[in-house]
**Student:** 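The following block contains the structure, expressed as structure tokens.
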Amino acid sequence: MEYSITLHVNGEERIVTVRPADTLLYTLRKLGLTGAKPGCLNGDCGACTVNVDGWPMKSCLMLGVEAIGKKVTTIEGLKNSPIQQAFVENFAFQCGYCTPGFIMNCQALIEQHPDADDQTIREWLESNICRCTSYIEIEKAVKSVLQRKE
Amino acid sequence: MDVIGKSVIRKDALDKVTGRAMYTDDYQTVHMLSGKIVISPYGHARIVSIDTQEAWKVPGVRAIIAGKHFPLVGESIRDRPPIAVDKVRYHGEPVALVVADTPAQAKQAADLIQVQYELLPVVNSPTQAFEKNAPLVHERLGEYEKEEDSHPVPGTNIATHIKIRKGNMELGWRESETIVEASFSFAPSDHAAMETRCAIAEIEPDGTVQIMTSSQAPFMVKQLLSDYFNIELGKIIVRTPLVGGAYGGKASVQLEVLAYLASKEVGGRPVKILNTREEDILTSPCHIGLDATVKLGADRQGKLKAAEIIFLWDGGAYSDKAIDVTRAGAVDCTGPYRVDNVWCDSYCMYTNHPYAAPFRGFSHSELSFAIERTMDLLAQKLNMDPLELRYINAIMPGDTTPTRVLLNKSNVGNLQKCIEKVRELIKWDEGAISRVNDRLIRVKGVSCSWKTSTIDANAPSGAILTFNRDGSINLMAGVIEIGTGTKTVLAQILAERLKMDVNKIHVRMEVDTQTTPQHWKTVASRGTFMSGRAVLNAAEDVIVQLKEIASCVLRAPKEDLEIANSRVFLRDDPSIGLDFKDISFGYKYPNGNSVGGQIIGRGHYVLRHISNLDPETGEGRPGPEWTVAAYGVEVEFDLRDYTYQLLTAATVVDCGRVMNQKMAEGQVMGAMSMGLAFASRETFYFDKLGRVLNPQLRTYRPLRYGENPRYLVGFVETPQIDGPYGARGLGEHGVMGMPGALGNALSIAAGVSLHHLPLIPELIWRAKEAANGAPL
Amino acid sequence: MLPFDFDYFKPDTLEEAVELFQYLDHNGKQPMFFSGGTELITLGRIDLAYTEAVIDIKEIADCRVMSLNGGQLLLGSTLTLTEIEETNLFPLLTKTASEIADHTARVKITLGGNICARIFYREAVLPFLLADSQVVIVGPEGKKAVPIHEIFHEQLLLNRGELLVQTITESRFIRAPFFAIKRRQQWETGYPLITVAALKIDEKVRVAVSGLCPFPFRSKEVEIALNSGQSIEARVEAALRVLPRPILDDVEGSADYRLFVFRNILTDALYKLEKERI
Ligand SMILES: Cc1cc2nc3c(=O)[nH]c(=O)nc-3n(C[C@H](O)[C@H](O)[C@H](O)COP(=O)(O)OP(=O)(O)OC[C@H]3O[C@@H](n4cnc5c(N)ncnc54)[C@H](O)[C@@H]3O)c2cc1C
Ligand code: FES
Ligand code: FES
């Protein structure tokens, strides 16, 4: 039941064998892109968040085959972005497990709503759980980048 | 101080924001097999039959383990079959284990295993477990192997009983003019680390057992595997990469045992077991529940005179670490107050619930709710300001703890200072209650806590330092990077001691039990203390060696040498000296002759003067020092709906010394967040069959972005004289006062005394209804 | 991770989708329409959903329609909830949808998927119940538009092989004053304790509810009570007496507590919507 598909990931064409039942998360990890993490496989925690066609996407809620023809970006595809730097400077992580997912969500937010207000930030960032930090650090990180963009 | 106290960027930062940071499940090889656990759907049931026939037909299945007797496991009492036989004792307990080529195949096969059960009566709370004639969770409790300081009572559900008997209770009650008594309870809950637990095991042809695991205690994994299965210690190698949150939950040893058994069953091939979220919540050990009764007496001035406390801990189906939690709870049972007459019975109860692991605070987050709520009830009855009541009773040097340790300026922090500071932070003097409009009020609640770390009397820690050719240093220590940033702090400690640039210190994040010096366990806020001492010790060792060779080359006595900026130089003429890079691998004279050799620093530390508790009175020294803290929480409460928002949460902790400002704040704020979630939303909901009804993050809900309050953090620095640069434990304290402070705020707000967690609006509504409906 | 295997089909047209379904059904494949797909993915992994053939309909053009013309709002069934929120053509729907799951999940969850979901909250249906919308259904017998009240009773009563294509809503409902609230067990995360959507049209208040019973509903009896002209308190009490049963009693909240909460929400809804009359 496995077959080969081509995915567009982080600007590269990647060929990978999947079962149609494999999630995008599983597929990406099979490609060695282990930045997106399994936390619940149920759409609840956001640790698996990647970017699909400009939108944040819980990669556990998408099949690998659904991503055919779409542009997928994972944390590994983010290079020296301001939000990564802001996470470092603001100590916006501890164990770091939620961090790739959080950053991918933040990055999509910053791209789509460079002028996001508190309400919008909250609505977006509610999608991820961080069990270590108090969220204040993450709030500071996001806002520091949003301000820089202004 | 150049480096200590500074917000040095975490050493793991870059890896963690780029997705390069590796956790256990990120390690995958082609020939790695996948293990899948079949779990019990019931709380208590006899296993009538297990049929694996259909499961074997699934392609890729390599092994199925079910119904086999293995040695019993468990830390204090060997009461747990790694895979259930004859009966299951909790919802989620492993009843079979499938090994297959892929996770999908393993799951397919696991689904096809037919297990027939016959339901047994369920023990659904520790209070029920304590009743005479309660169903027994363990019929053969008397036959288990156990450690000396566990005291199970065969024929009951009592796994251990710790007694504290201090002073003279009769006298205490006689001196008490005001007495309050109240009961509190809450069900078990979960750590909910974002990384679910994962273990990989492989057995090499020569018998070497390779384990990789998301654990806080790899050295314990090694020890226990050796004990359980009679494997030579040197043939067990446990590796722990970065850990995605732990909070105590990864100090228990469970999946490692299953992975080992699985690998053994398939001829040693590597087998990975990754918990699903549901398994992580149900099958792996949880956050302990508690039923408590607290009776406090005070004289006219409000000075505490007597305390009688009963703790019934919900240890769950197997005692494991709950025995230690029960003891730790007894040791600090009164909270951070001077009480000369104390009577405490702390029982670890078996129930048909998931069994307990340590949880951040190790019994203190739990017992503090009971104690601090009772303190507020006492203040109310005395008509006293609750913060003032705490202030005048605050524990101090010269007082003794419940286990009669005499406190001094070093081994206890300054609680009164913490209280003063929190009073300012939350603007307590502006009043505890203010009205926003006819429906909303703002209300503050306060609490305090203390904690010592009950750890093994001979718990070791060690550190090794090696040099690179450029003079930079590699630091190896056995603490696990679970997110607390301890390894960065260790680098700071070393940099401070050697007066060098912290960027020239490289820390190894991964731990393996073969090449990393042993560190007891990364728990109990002891990482910085013990490992820090070991690092300082190693630094001394390096200094001696550096000076030795420099004194030879520079032809100067060692006493005249100084070390700073990666150089050894003459104190009176710093221009004469040698860089680390020129001597750390021996010194080479211009003519090619060399002296000295590679410098390797070693350091160690063992806690001293820890002693066992007297089984009759509890007397003994359970831990090295007591960290104290004071807390405040402010909520905005809706008088009609009983809903509320968290506005502010504050913690002031006497941490001895702030090692890294931002990281310390982060630890305390993160802990507060967890404490508030525990206090306000997180719990397991059980049905009559002992099933947990909410084993997913959809229904078991940690705090989310935006639900959090504003956080205020303050530090008091009363150095612990033998701590590294005076530092005390810090990682747990933010949690501990939150349930009490929130409970106090909401009790004031709602005008009804609240005795249960989590403090959801429905609970408050129910308490109000009960109070309103009560006959006058 | 789904343990079972299935074939994945992605038809381009409604006809193809319907035909495929029949064909696969005939061959015992237990086919399943897949829109956002979150139901299969999340319930399949815990053995609560199964199929051997997935028919992904989310890019079929008819299901992607989003248009407001001729006084009618057409919304395709495979629009994601975030798409609906971002364009905000139907503010009550925006408000209701934006409380479902979380923002990232709503990038995947679709309108039709939520209305047809097995998880019984189906909050996105509430605005359509209030607006007497029509639903466009396609099946082996072809395409038809049906008033939602004829076909939605607790759930959308589709025949096997039928699928929801669009909803049609008259624009006067879109402009009507409304009230929407989702109350949870605690704060902003999780399933509803109770979700209420209400709007006022022709001087009458309409109310649709999810989370009170194990199905979403709009009840004639409740609305008669609420519009009966006495004091707000009396009307709310009258409405509570004619609620459908059973009242949910689960980990989110007990039945008693739900009624307590519902009473307050109804009161608030009436106050808000009546004030707008003045
Ligand atoms: C993290 C998370 C949180 C959630 N929280 C909530 C919540 O708060 N409130 C709530 O109401 N729900 C909630 N849900 C559940 C959610 O309702 C369903 O998973 C979701 O609505 C299904 O939408 P979908 O687009 O993914 O549909 P799918 O999974 O594609 O489909 C759902 C069902 O409908 C059928 N179907 C889909 N489209 C059509 C169509 N056009 N015609 C006929 N049948 C069709 C499918 O065959 C399937 O049986 C949550 C889900 C997640 C993942
Ligand atoms: S793993 Fe995808 S949301 Fe949790
Ligand atoms: S940093 Fe650990 S979960 Fe966010």
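Since we're looking at a predicted model, the values are computed, not measured. All heavy atoms count here, side chains included; hydrogens, waters and symmetry mates do not. Numbered from 1 within each chain, the chains take letters A, B, ... in sequence-line order.
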**Student:** Quick one: do B:Glu707 and B:Arg701 make a salt bridge, cutoff under 4.0 Å?
**Tutor:**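 Between B:Arg701 and B:Glu707 there is no salt bridge, as every charged N stays at least 4.0 Å from the carboxylate O atoms.
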
**Student:** Under a 4.0 Å N-O cut-off, is there an ion pair linking B:Lys107 with C:Asp47?
**Tutor:**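 Yes, this pair counts.
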
**Student:** Can you say whether B:Gln645 sits under 4.5 Å from chain C via the side chain, the backbone, both, or neither, judging by heavy atoms?
**Tutor:**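 Interface part for B:Gln645: both.
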
**Student:** So for C:Thr42, is it side chain, backbone, both, or neither that comes closer than 4.5 Å to the heavy atoms of chain B?
**Tutor:**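 Side chain of C:Thr42 only, per the 4.5 Å heavy-atom cut-off to chain B.
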
**Student:** Tell me whether B:Glu634 is salt-bridged to B:Arg710, with the criterion being a basic N under 4.0 Å from an acidic carboxylate O.
**Tutor:**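 No, this pair does not count.
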
**Student:** Counting only non-hydrogen atoms closer than 4.5 Å, does C:Arg258 touch chain B with its backbone (N, CA, C, O), its side chain (CB onward), both, or neither?
**Tutor:**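 Neither part.
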
**Student:** At a heavy-atom separation under 4.5 Å, does C:Phe4 approach chain B through its side chain, its backbone, both, or neither?
**Tutor:**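 Contact with chain B involves the backbone of C:Phe4 alone.
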
**Student:** Counting only non-hydrogen atoms closer than 4.5 Å, does B:Asp111 touch chain C with its backbone (N, CA, C, O), its side chain (CB onward), both, or neither?
**Tutor:**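 Just its side chain gets close to chain C.
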
**Student:** Among C:Gln185, C:Glu188, C:Glu252, single out the residue with the greatest number of heavy-atom pairs under 4.5 Å to chain B.
**Tutor:**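 Result: the option with the highest number of such pairs is C:Gln185.
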
**Student:** Should C:Asp268 and C:Arg183 count as an ion pair when the cut-off is N to O under 4.0 Å?
**Tutor:**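 No salt bridge links C:Asp268 with C:Arg183.
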
**Student:** In terms of heavy-atom proximity below 4.5 Å to chain B, should C:Asp256 be classed as side chain, backbone, both, or neither?
**Tutor:**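 For C:Asp256, backbone and side chain are both near chain B.
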
**Student:** Hey, which of B:Gln108, B:Arg681, B:Arg704, B:Arg640 has the most heavy atom pairs under 4.5 Å with chain C?
**Tutor:**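 Maximum pair count with chain C is reached by B:Arg640.
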
**Student:** Which atoms of B:Tyr642 are under 4.5 Å from chain C, going by heavy atoms: the side chain, the backbone, both sets, or neither?
**Tutor:**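 Only the side chain of B:Tyr642 comes within 4.5 Å of chain C.
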
**Student:** Flag the one option from B:Leu646, B:Leu697, B:Asp687 with the top tally of heavy-atom pairs under 4.5 Å to chain C.
**Tutor:**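 Of the candidates given, the most pairs with chain C belong to B:Leu646.
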
**Student:** At a 4.5 Å cut-off on heavy atoms, which part of C:Leu2 comes close to chain B: side chain, backbone, both, or neither?
**Tutor:**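 Backbone of C:Leu2 only, per the 4.5 Å heavy-atom cut-off to chain B.
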
**Student:** Looking at B:Glu279 and B:Lys36, is any side-chain nitrogen of the basic one under 4.0 Å from a carboxylate oxygen of the acidic one?
**Tutor:**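 Salt bridge: yes.
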
**Student:** State plainly whether the residues B:Glu769 and B:Arg766 are in salt-bridge range, i.e. N to O under 4.0 Å.
**Tutor:**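 No, no charged N to carboxylate O under 4.0 Å.
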
**Student:** Answer yes or no: is there an ion pair linking C:Lys58 with C:Asp56, defined by an N-O contact shorter than 4.0 Å?
**Tutor:**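 Salt bridge between C:Lys58 and C:Asp56, a charged N being under 4.0 Å from a carboxylate O: yes.
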
**Student:** Between B:Thr276 and chain C, which part of the residue has a heavy atom less than 4.5 Å away: side chain, backbone, both or neither?
**Tutor:**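 Looking at B:Thr276, just its side chain touches chain C.
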
**Student:** Does C:Thr78 reach the main-chain N or O of C:Ser35 with its side chain, forming a donor-acceptor pair under 3.5 Å?
**Tutor:**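 Judged by distance alone, no pair lies under 3.5 Å.
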
